[in-house]
Amino acid sequence: MIVRILGEGQLQVPGSAAEELNKLDAALESAVDRNDEAAFRLALDALLAKVRQVGSPAEADDLRPSELIIPRPDASMDEVRQLLTDEGLIPG
Amino acid sequence: MGVMKRVTMVFRAKANRALDRMEDPRETLDYSYQTQLELLQKVRRGVADVATSRKRVELQLNQLQQNADKLDRQARDSLAAGREDLAREALTRKAGVQTQVDDLQGQYASLQSEEEKLSQASQRLQAKVDAFRTRKETIKATYTAAEAQTRINEAFTGISEEMGDVGMAIQRAEDKTAQMKARAGAIDELMASGALDDMVSGPHDDIQAELDRMGASHGVDRELEQMKAEIAQSAPRQIEGAPAGSSDGAASQSASGLPAADPAQAGEPE
């Protein structure tokens with residue numbers, strides 16, 4: 001499947017990694033819900049590390065949309081929250 | 001549902017709304033391609049803007065670094081001249097300048113990485129836009145409007161995601177560049193007003209003035225000492241050297257620069 005890291009582009013990730021990614025993503029969501037900055041940073045770092053470990057860059061001219069999109073590595077918790085709720089964050 | 005899925009849905013929803021607004025799918029392709037080219041232009045301008053901002057910070061950084069180096073030199077000179085109080089003052093000012101240097105270095109690194117990211121984003125977008133143009137021509141040539149719809153949807157959703165991502169990156173870069181411009185402007189104003197110079201060297205470069213004054217008086221003292229030593233030495237040497245001839249006497253005259261002391265004493269006694 002194709003996974004995008006915002007600000008960095010798309011990665012080709014084996015489907016077998018989906019379960020673990022979902023687990024890491026659940027931790028990230030829970031941190032955002034609890035407004036726990038420290039846990040948020042750890043969870044985002046862990047999720048990104050895993051995706052980078054199992055993924056390889058997708059072809060630049062691949063026009064397929066991503067199945068999963070991950071916030072940019074230096075995103076703040078507020079930015080992530082806006083990304084989830086406020087579509088105005090994406091321009092155009 | 002998870003953060004990743006929710007973010008993905010937000011991107012998809014945006015693409016779908018755009019697709020819904022289009023009446024003719026083929027028109028969608030051309031319109032979208034135009035928008036892509038415009039965004040590509042914008043990203044390239046963004047890269048250039050960030051580079052300009054980075055160069056400006058670099059110039060300021062060099063200037064401040066020169067000031068810090070100068071104060072460092074002054075501190076050393078002061079210490080060598082036994083003026084610890086002056087050295088302390090110079091180092092205190094240097095610390096102030098160094099804080100600005102460190103701050104600017106942070107800004108510089110951040111602009112550099114922003115420039116790098118944007119330039120990569122520009123390359124990625126270029127690759128997708130090229131792929132989209134090819135796909136667009138194939139779809140137009142091969143399929144009827146009805147058949148084309150699904151293929152258009154996929155290509156459009158994919159490129160729309162890329163454009164959303166790059167669009168956010170561009171906005172971020174613009175915000176950052178605007179911030180940097182404001183701070184760089186503030187430092188330029190400081191420099192132009194002389195306030196920064198005052199910080200570096202005091203209203204009239206007092207440390208340097210003191211060092212110069214000390215340097216001058218030190219020079220005079222040293223010259224005096226040298227002359228005294230020469231006179232003290234020249235008397236016995238000339239007594240010994242006298243029999244060798246008058247040419248020696250002339251040479252030591254011009255070397256010591258004290259003509260009055262010589263001929264009478266050196267020439268006659270022996």
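Each chain gets a letter, A, B and so on, in the order the sequences are listed, and its residues count up from 1.
- In terms of modelled atom types and a separation under 3.5 Å, the side chain of B/K117 and the main chain of A/G7 share no donor-acceptor contact.
- Residue contact with chain A, scored on non-hydrogen atoms closer than 4.5 Å, is absent for B/Q126.
- In terms of heavy-atom proximity, B/M4 sits nearest to A/D25 at N-OD2, 3.1 Å.
- The existence of a salt bridge linking B/K5 and A/E67 is excluded, since no basic side-chain nitrogen approaches an acidic carboxylate oxygen closer than 4.0 Å.
- Dense packing is recorded around CZ of A/R52, with more than 12 heavy atoms of other residues, nucleotides or ligands lying under 6.0 Å away.
- Here the side chain of B/T157 pairs no donor or acceptor atom with the backbone of A/P65 at under 3.5 angstrom.
- Separating the CG atom in A/L63 from the CZ atom in B/R135 is a distance of 4.5 Å, to the nearest 0.5 Å.
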Step by step, would you call B/Q120 with A/E8 a side-chain contact (heavy atoms from CB on, under 4.5 Å)?
CA-CA 8 Å; B/Q120 282 169 4; A/E8 292 186 9; over 6 Å; no
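- Environment of CZ in B/R76: sparse, with no more than 12 heavy atoms of neighbouring residues, nucleotides or ligands closer than 6.0 Å.
- The distance from atom OG of A/S66 to atom CZ of B/R12, rounded to the nearest 0.5 Å, is 7.5 Å.
- One finds the CD1 atom of A/I2 at 12.0 Å from the OG1 atom of B/T8 (value rounded to the nearest 0.5 Å).
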Exercise for review: Determine, stepwise, if the pair A/E79 / B/M168 fulfils side-chain contact (heavy atoms from CB on, under 4.5 Å).
Suggested key: CA-CA 11 Å; A/E79 280 169 331; B/M168 282 196 283; over 6 Å; no
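- Once rounded to the nearest 0.5 Å, the distance linking CG of A/D74 with OG of B/S110 reads 9.5 Å.
- Two residues are said to be in side-chain contact when any heavy atoms from C-beta on lie closer than 4.5 Å; B/R124 and A/Q10 fail this criterion.
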Go through the steps to decide whether A/E29 and B/R6 satisfy the test salt bridge (charged side-chain N to carboxylate O under 4.0 Å, His left out), and finish with yes or no. CA-CA 10 Å; A/E29 190 176 36; B/R6 280 162 71 185; 2.6 Å; yes
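- With a threshold of 4.5 angstrom between heavy atoms, A/A26 does not approach chain B through any atom at all.
- Contacts of A/E59 with chain B are made by backbone atoms alone, with heavy-atom separations under 4.5 Å and no side-chain atom involved.
- A salt bridge does not link A/R64 with B/E154: none of the charged nitrogens is closer than 4.0 Å to a carboxylate oxygen.
- Within the 4.5 Å cutoff, the side chain of A/L84 has heavy atoms near those of the B/V3 side chain.
- Neither the backbone nor the side chain of A/L44 has a heavy atom closer than 4.5 Å to any heavy atom of chain B.
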query = Can B/E161 and A/I69 be said to form a side-chain contact (heavy atoms from CB on, under 4.5 Å), step by step?
reply = CA-CA 10 Å; B/E161 178 187 313; A/I69 299 180; 3.9 Å; yes
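- Annotation: maximal heavy-atom pairing with chain B below 4.5 Å, among A/L21, A/L6, A/D61, occurs at A/L6.
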